[in-house]
Amino acid sequence: MEGHTKMLFILGLVAIASISEIYRVEGAGECGKNTTPDNEAIKLVPCASAAQDENASVSQSCCAQVKKFGQNPACLCAVLLSNTAKMSGVDPKVAITIPKRCNFADRPVGYKCGPYTLP
């Protein structure tokens with residue numbers, strides 16, 4: 001069942017990102033000029049279970065992806081709060097705990113992420 005859920009999550013991300021690409025507005029956003037938070041959210045597929053369940057373990061591949069986004073807290077927040085993430089079942093209150101659960105010493109503690117604050 002877990003494999004089936006992960007596959008649905010991945011297919012959902014790809015479909016949503018494809019649709020959002022059609023409506024993409026050109027310009028530099030939180031994650032840079034050549035991408036959108038919705039497109040970047042696809043890279044968080046390894047975080048699927050960790051972003052939905054605060055008791056799920058966080059994989060090394062998830063931590064590696066989040067570490068890349070953590071260099072730019074505005075991008076990290078935009079990705080975690082993106083339509084792609086929401087439609088894929090990501091719980092923002094759980095997802096923002098991933099940097100702490102990865103034990104990143106240099107995580108952006110206290111950074112305001114929409115209505116949430118990074119722990």
Side-chain angles (χ1 to χ4, degrees):
M1 184 67 171
E2 184 176 309
H4 184 6
T5 302
K6 191 170 187 176
M7 180 56 80
L8 286 174
F9 180 82
I10 293 168
L11 290 174
L13 282 176
V14 170
I16 294 164
S18 297
I19 292 167
S20 70
E21 183 66 24
I22 294 170
Y23 298 103
R24 185 172 106 167
V25 176
E26 293 299 322
E30 296 90 346
C31 297
K33 184 176 180 181
N34 297 320
T35 191
T36 65
D38 285 304
N39 288 343
E40 294 300 304
I42 293 171
K43 297 175 183 175
L44 294 180
V45 168
C47 302
S49 59
Q52 296 171 352
D53 178 5
E54 63 187 331
N55 296 316
S57 62
V58 183
S59 69
Q60 288 182 344
S61 57
C62 172
C63 289
Q65 287 300 326
V66 171
K67 182 77 167 174
K68 291 176 188 174
F69 292 121
Q71 304 303 315
N72 179 353
C75 178
L76 176 62
C77 287
V79 168
L80 296 178
L81 299 175
S82 69
N83 289 330
T84 300
K86 289 176 194 170
M87 295 178 89
S88 299
V90 169
D91 182 345
K93 290 181 283 188
V94 174
I96 64 167
T97 67
I98 292 175
K100 182 177 182 179
R101 291 160 56 201
C102 288
N103 295 315
F104 296 150
D106 60 346
R107 68 184 186 276
V109 176
Y111 188 86
K112 193 76 171 155
C113 192
Y116 311 102
T117 302
L118 290 169

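Values below: all heavy atoms of this structure, side chains included; hydrogens, waters and symmetry mates excluded. Positions are given from 1, in the same order as the sequence printed here.
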Heavy-atom closest contact (Leu76 atom, Pro99 atom, distance): CD2-CG, 4.0 Å
Minimum-distance pair of heavy atoms, taken over all atoms of Val94 and Ala50: CG1-O, 3.3 Å
In one Ile/Leu/Val/Met/Phe/Trp/Tyr side-chain cluster, 4.5 Å: Tyr111, Ile98: yes
Distance-only side-chain donor-acceptor flag, Ser82 / Thr84, under 3.5 Å: no
Min side-chain heavy-atom separation Pro37-Glu30 under 4.5 Å: yes
Working for side chain to side chain contact (heavy atoms under 4.5 Å, CB included), residues Leu44 and Phe69: CA-CA 10 Å; Leu44 294 180; Phe69 292 121; 3.6 Å; yes
Minimum-distance pair of heavy atoms, taken over all atoms of Pro119 and Lys100: CB-CD, 4.0 Å
Disulfide bond (SG atoms under 2.5 Å apart) assessment of Cys75 paired with Cys31: CA-CA 5 Å; Cys75 178; Cys31 297; 2.0 Å; yes
Phe104 to Cys63 - nearest heavy-atom pair and separation: CZ-O, 3.2 Å
Donor-acceptor pair, side chain of Asp38 and main chain of Asn83, under 3.5 angstrom: yes
Where Ala85 and Ala41 come nearest, the two heavy atoms and their spacing: N-CB, 4.4 Å
Heavy atoms of other groups near Gln60 CD, more than 12 under 6.0 Å: no
Lys93 NZ: over 12 foreign heavy atoms closer than 6.0 Å: no
Any residue meeting side chain to side chain contact (heavy atoms under 4.5 Å, CB included) with Lys68, in chain and number order, not counting sequence neighbours: Gln65
Pairwise side-chain hydrogen bond (donor to acceptor under 3.5 Å, both in side chains) hits with a residue in residues 101-110, at least two apart: Lys67-Asp106, Thr97-Arg101
Residue list, side chain to side chain donor-acceptor pair (under 3.5 Å) with Thr117, at least two apart or on another chain: none
